[in-house]
Amino acid sequence: MEAKTEANLDFLTGLPNRRSFIRALEEYFKLLKEKGIDFSIILFDIDNFKKINDTYGHDVGDLVLKDVASVLKFYLRANTIAGRLGGEEFAILIPVKLEDAVKVAERIRKVMENREIRYQDKIIKYTASFGVTQAKKDDTVDTLLKRADELLYKAKRSGKNIVIADG
């Protein structure tokens, strides 16, 4: 049982890993198609993460990733699934319409920009950029993630530490 749990969780953050998150996304698509239950996805990554690793080392990068996970665990409701997709990229699956998902993303963004991580005698701050979209009946896992990814990169190109939604 423990090995199965470990296979579904990211070892560093304790959040669902990419495979587990995609499985949850597939389940939500079934609910959307069968029962019309709306859901949105929030895709985000940590701004300038490579610079954090290069400046302070990978141990500090790991502390930032763990801090992001703690923010998600504390600020998201129980019916929301947050996962680490890989590297510094995270996703949130939330059973709400787009406008409510944007409010959640904005709240998380504000919390993150005000966090401080203390390491030895240093204080490390970080921000994140967000792409938010609502699933459509004709979407697939791939089309939804691609759209969210495009919005995330639009946020990156727009100056970072911002939420961009479609529509």
Side-chain angles (χ1 to χ4, degrees), residues 5-6 8-28 31-32 37-49 51-53 56 59-119 122-135 141 144-145 147-156 158-167:
T5 301
E6 287 177 7
N8 292 317
L9 295 179
D10 173 64
F11 72 96
L12 185 66
T13 62
L15 295 173
N17 62 20
R18 182 180 201 92
R19 179 181 8 177
S20 182
F21 186 84
I22 298 296
R23 207 173 306 122
L25 203 47
E26 289 165 347
E27 289 300 314
Y28 267 82
L31 291 171
L32 174 65
I37 295 174
D38 291 316
F39 73 92
S40 298
I41 187 169
I42 301 168
L43 205 59
F44 73 92
D45 76 11
I46 302 163
D47 297 326
N48 306 311
F49 188 70
K51 186 177 179 195
I52 292 170
N53 275 336
Y56 303 106
D59 289 350
V60 173
D62 287 353
L63 289 176
V64 171
L65 294 171
K66 289 176 185 176
D67 192 66
V68 167
S70 70
V71 167
L72 296 176
K73 290 171 186 174
F74 186 80
Y75 286 94
L76 295 175
R77 292 197 178 133
N79 66 347
T80 303
I81 299 166
R84 181 177 175 207
L85 299 189
E88 69 274 19
E89 188 174 55
F90 295 82
I92 301 168
L93 177 56
I94 184 167
V96 297
K97 291 185 181 289
L98 181 66
E99 53 272 13
D100 290 328
V102 169
K103 289 175 189 168
V104 169
E106 190 57 43
R107 188 173 77 232
I108 297 292
R109 186 197 66 73
K110 284 180 183 168
V111 168
M112 288 180 183
E113 80 176 354
N114 289 304
R115 300 288 283 188
E116 290 183 348
I117 297 172
R118 296 180 186 281
Y119 181 75
K122 296 172 181 61
I123 295 174
I124 294 94
K125 295 182 77 61
Y126 67 92
T127 59
S129 298
F130 295 74
V132 186
T133 189
Q134 183 175 328
V141 167
L144 182 67
L145 286 173
R147 191 166 63 249
D149 198 48
E150 287 166 359
L151 292 162
L152 166 60
Y153 279 94
K154 188 175 181 185
K156 291 282 192 194
S158 300
K160 300 179 182 168
N161 191 26
I162 188 173
V163 174
I164 302 270
D166 58 2

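None of the values given here were measured: they were computed from a predicted structure. We use all heavy atoms of the structure for the numbers below, so side chains are in, but hydrogens, waters and symmetry mates are not.
Shown are Lys156, Lys160, Arg109; of these, the salt bridge (Lys or Arg N to Asp or Glu O under 4.0 Å) with Asp47 is made only by Lys156.
At a threshold of 4.5 Å between non-hydrogen side-chain atoms, the residues Leu152 and Ser129 count as touching. At least one side-chain heavy atom of Asp166 sits less than 4.5 Å from a side-chain heavy atom of Leu98. Residues Arg18 and Asp10 fail the side-chain proximity criterion, which asks for heavy atoms closer than 4.5 Å. With contacts defined as side-chain heavy-atom distances shorter than 4.5 Å, the pair Ile108/Leu76 qualifies. Side-chain contact between Leu12 and Asp62 is present, with heavy atoms from C-beta onward closer than 4.5 Å. Looking at Ile81 and Tyr28, their side chains come closer than 4.5 Å, going by heavy atoms from C-beta outward. Looking at Leu65 and Phe49, their side chains come closer than 4.5 Å, going by heavy atoms from C-beta outward. Two residues are said to be in side-chain contact when any heavy atoms from C-beta on lie closer than 4.5 Å; Leu25 and Phe39 meet this criterion.
More than 12 heavy atoms of other shown residues, nucleotides or ligands fall within 6.0 angstrom of atom NZ in Lys73.
Annotation for Val96 and Ala101: closest pair CG2-N, 3.6 Å, computed over non-hydrogen atoms. Closest approach of Gly83 to Leu15, counting heavy atoms only: CA-CB, 4.2 Å. The shortest heavy-atom contact between Gly14 and Leu9 is O-CD2, 3.5 Å.
We find the NZ-NZ distance between Lys103 and Lys97 to be 13.0 Å, quoted to the nearest 0.5 Å. The distance from atom CG of Leu43 to atom CZ of Phe90, rounded to the nearest 0.5 Å, is 11.0 Å. Distance check: Asp38 CG to Leu31 CG gives 11.0 Å after rounding to the nearest 0.5 Å. Rounded to the nearest 0.5 angstrom, Asn48 CG and Lys125 NZ are separated by 14.0 Å. Rounded to the nearest 0.5 angstrom, Ile42 CD1 and Phe44 CZ are separated by 8.5 Å. One finds the CG atom of Asn161 at 10.5 Å from the CE atom of Met112 (value rounded to the nearest 0.5 Å).
Between Glu150 and Lys154 there is no salt bridge, since none of the side-chain N atoms of the basic residue sits less than 4.0 Å from a carboxylate O of the acidic one.
A donor-acceptor pair is defined here as one N or O able to donate and one able to accept, closer than 3.5 Å; no such pair exists between the side chain of Thr80 and the backbone of Ile94.
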- Query: Should Arg23 and Asn8 be marked as a side chain to side chain contact (heavy atoms under 4.5 Å, CB included) after you check the CA-CA gap, both sets of side-chain angles, and the distance that decides it?
  - Reply: CA-CA 10 Å; Arg23 207 173 306 122; Asn8 292 317; 3.2 Å; yes

- Message: Would Tyr126 and Val68 count as a side chain to side chain contact (heavy atoms under 4.5 Å, CB included) here? Give the steps.
- Response: CA-CA 10 Å; Tyr126 67 92; Val68 167; 3.6 Å; yes

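Between Arg147 and Thr133, the side chains place a donor N or O and an acceptor N or O closer than 3.5 Å (distance only, hydrogens not considered).
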